[in-house]
Amino acid sequence: QVQLVESGGGLVQAGGSLRLSCAASGRTFSSYAMGWFRQAPGKEREFVTRITRGSGSTYYADSVKDRFTISRDNAKNTVYLQMNSLKPEDTAVYYCAAGGAVADIRSPLSYTYWGQGTQVTVSS
């Protein structure tokens, strides 16, 4: 069992930056790949990024590539999402999720545990 708690969301102007954190409980954090998803009002939850268990590989949605960076600290049971050059279209609730090794890393169904989400609002 893994419990995830996101923090760091807020209101920022376009072009600004935010850093989201996701703290995990339990001693098995390092055995999970971690992902970030987001969901805007009226839209489906969409994949943002993923990092493998040992931070060996990262994957990004095209919409955030070169602007967002995912990282993790297994000693602190925490995964981070550094978001730079934010755009109004990045406005959404951001969720972190824990999952195993799967074929479709972009599907929410591939993740077992979810946080409650943190709101990110980017003003123009």
Side-chain angles (χ1 to χ4, degrees):
Q1 189 81 8
V2 176
Q3 292 183 324
L4 304 172
V5 179
E6 301 96 336
S7 61
L11 174 64
V12 64
Q13 288 187 333
S17 298
L18 281 175
R19 187 193 197 203
L20 305 184
S21 298
C22 174
S25 65
R27 294 178 291 178
T28 59
F29 173 76
S30 61
S31 66
Y32 292 95
M34 298 298 297
W36 286 96
F37 285 74
R38 66 187 182 186
Q39 189 166 18
K43 295 188 177 181
E44 293 186 353
R45 190 167 299 189
E46 67 170 350
F47 171 81
V48 175
T49 180
R50 173 182 169 105
I51 188 167
T52 52
R53 293 176 296 176
S55 304
S57 297
T58 56
Y59 307 87
Y60 295 92
D62 288 343
S63 59
V64 306
K65 201 171 294 183
D66 299 325
R67 299 189 298 122
F68 290 11
T69 302
I70 188 171
S71 61
R72 67 188 297 165
D73 186 337
N74 286 341
K76 295 183 178 179
N77 281 11
T78 302
V79 62
Y80 304 97
L81 181 62
Q82 178 67 45
M83 305 186 294
N84 299 328
S85 303
L86 283 161
K87 304 175 181 180
E89 51 263 44
D90 294 319
T91 295
V93 177
Y94 282 71
Y95 300 89
C96 70
V102 294
D104 186 359
I105 64 172
R106 288 170 168 78
S107 170
L109 298 177
S110 298
Y111 297 81
T112 305
Y113 302 105
W114 291 83
Q116 84 290 347
T118 185
Q119 177 70 47
V120 171
T121 303
V122 184
S123 63
S124 58

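- In plain terms, the two heavy atoms of Ala92 and Arg38 that are nearest each other are CB-CB, 3.8 Å.
- Side chain of Thr52 to backbone of Ser57: a donor-acceptor contact under 3.5 angstrom is found.
- In the hydrophobic clustering of ILVMFWY residues, with side-chain heavy atoms under 4.5 Å counting as a link, Val48 and Tyr59 come out apart.
- Under a hydrophobic clustering in which Ile, Leu, Val, Met, Phe, Trp and Tyr are joined whenever their side-chain heavy atoms come within less than 4.5 Å, directly or via other members, Tyr113 and Tyr94 fall into the same cluster.
- The two residues Ser124 and Ala14 have their closest heavy-atom pair at CA-CB, 4.4 Å.
- No side-chain donor-acceptor contact under 3.5 Å links Gln82 to the backbone of Thr69.
- Residues Tyr80 and Ile70 fail the side-chain proximity criterion, which asks for heavy atoms closer than 4.5 Å.
- Hydrophobic cluster membership is shared by Leu18 and Leu4, with clusters built from Ile, Leu, Val, Met, Phe, Trp and Tyr side chains linked at under 4.5 angstrom.
- Atom-to-atom distance recorded for Met34:CE and Cys22:SG is 4.5 Å, nearest 0.5 angstrom.
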- When you look at Met83 and Val120, which way does the side-chain contact (heavy atoms from CB on, under 4.5 Å) test go after all the steps? CA-CA 10 Å; Met83 305 186 294; Val120 171; 3.9 Å; yes
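- The number of heavy atoms from other shown groups lying within 6.0 Å of CZ (Arg53) does not exceed 12.
- Atom OG1 of Thr58 is separated from atom NZ of Lys65 by 9.5 Å, given to the nearest 0.5 angstrom.
- The backbone N or O of Ser7 lies less than 3.5 Å from no partner atom in the side chain of Ser21, so there is not a single donor-acceptor pair.
- Side-chain polar atoms of Ser17 and Asn84 form a donor-acceptor pair below 3.5 angstrom.
- Between the side chains of Tyr32 and Arg72, no donor-acceptor pair of N or O atoms lies under 3.5 Å.
- Each of Tyr111, Trp36, Phe37 was checked for a ring-ring contact (aromatic ring centres under 6.0 Å, His included) with Phe47, and the lone residue meeting it is Phe37.
- Here the CG atom belonging to Asp73 is positioned 11.5 Å from the OG atom belonging to Ser30, to the nearest 0.5 angstrom.
- The two atoms that bring Ala24 and Val2 nearest to each other are CB-CG1, 4.1 Å, heavy atoms only.
- With hydrogens and angles ignored, the 3.5 Å screen pairs no side-chain donor or acceptor of Ser110 with any backbone N or O of Pro108.
- To the nearest 0.5 Å, atom SG of residue Cys96 and atom CD1 of residue Ile51 are 12.5 Å apart.
- Here the straight-line distance linking atom CZ of Arg19 with atom CG of Leu81 works out to 10.0 Å at 0.5 Å rounding.
- Residues Leu20 and Val79 are members of one and the same hydrophobic cluster, defined by side-chain heavy-atom contacts under 4.5 angstrom among Ile, Leu, Val, Met, Phe, Trp and Tyr.
- Side chain of Ser107 to backbone of Asp104: no donor-acceptor contact under 3.5 angstrom is found.
- For the atom pair OG (Ser123) and CG (Leu11), the distance works out to 5.0 Å, reported to the nearest 0.5 Å.
- Hydrophobic clustering (ILVMFWY, side-chain heavy atoms < 4.5 Å, transitive): Phe68 and Val12 are in one cluster.
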- Message: Determine whether Lys87 and Asp90 satisfy the following criterion, salt bridge (charged side-chain N to carboxylate O under 4.0 Å, His left out), listing intermediate values before the conclusion.
- Response: CA-CA 5 Å; Lys87 304 175 181 180; Asp90 294 319; over 6 Å; no
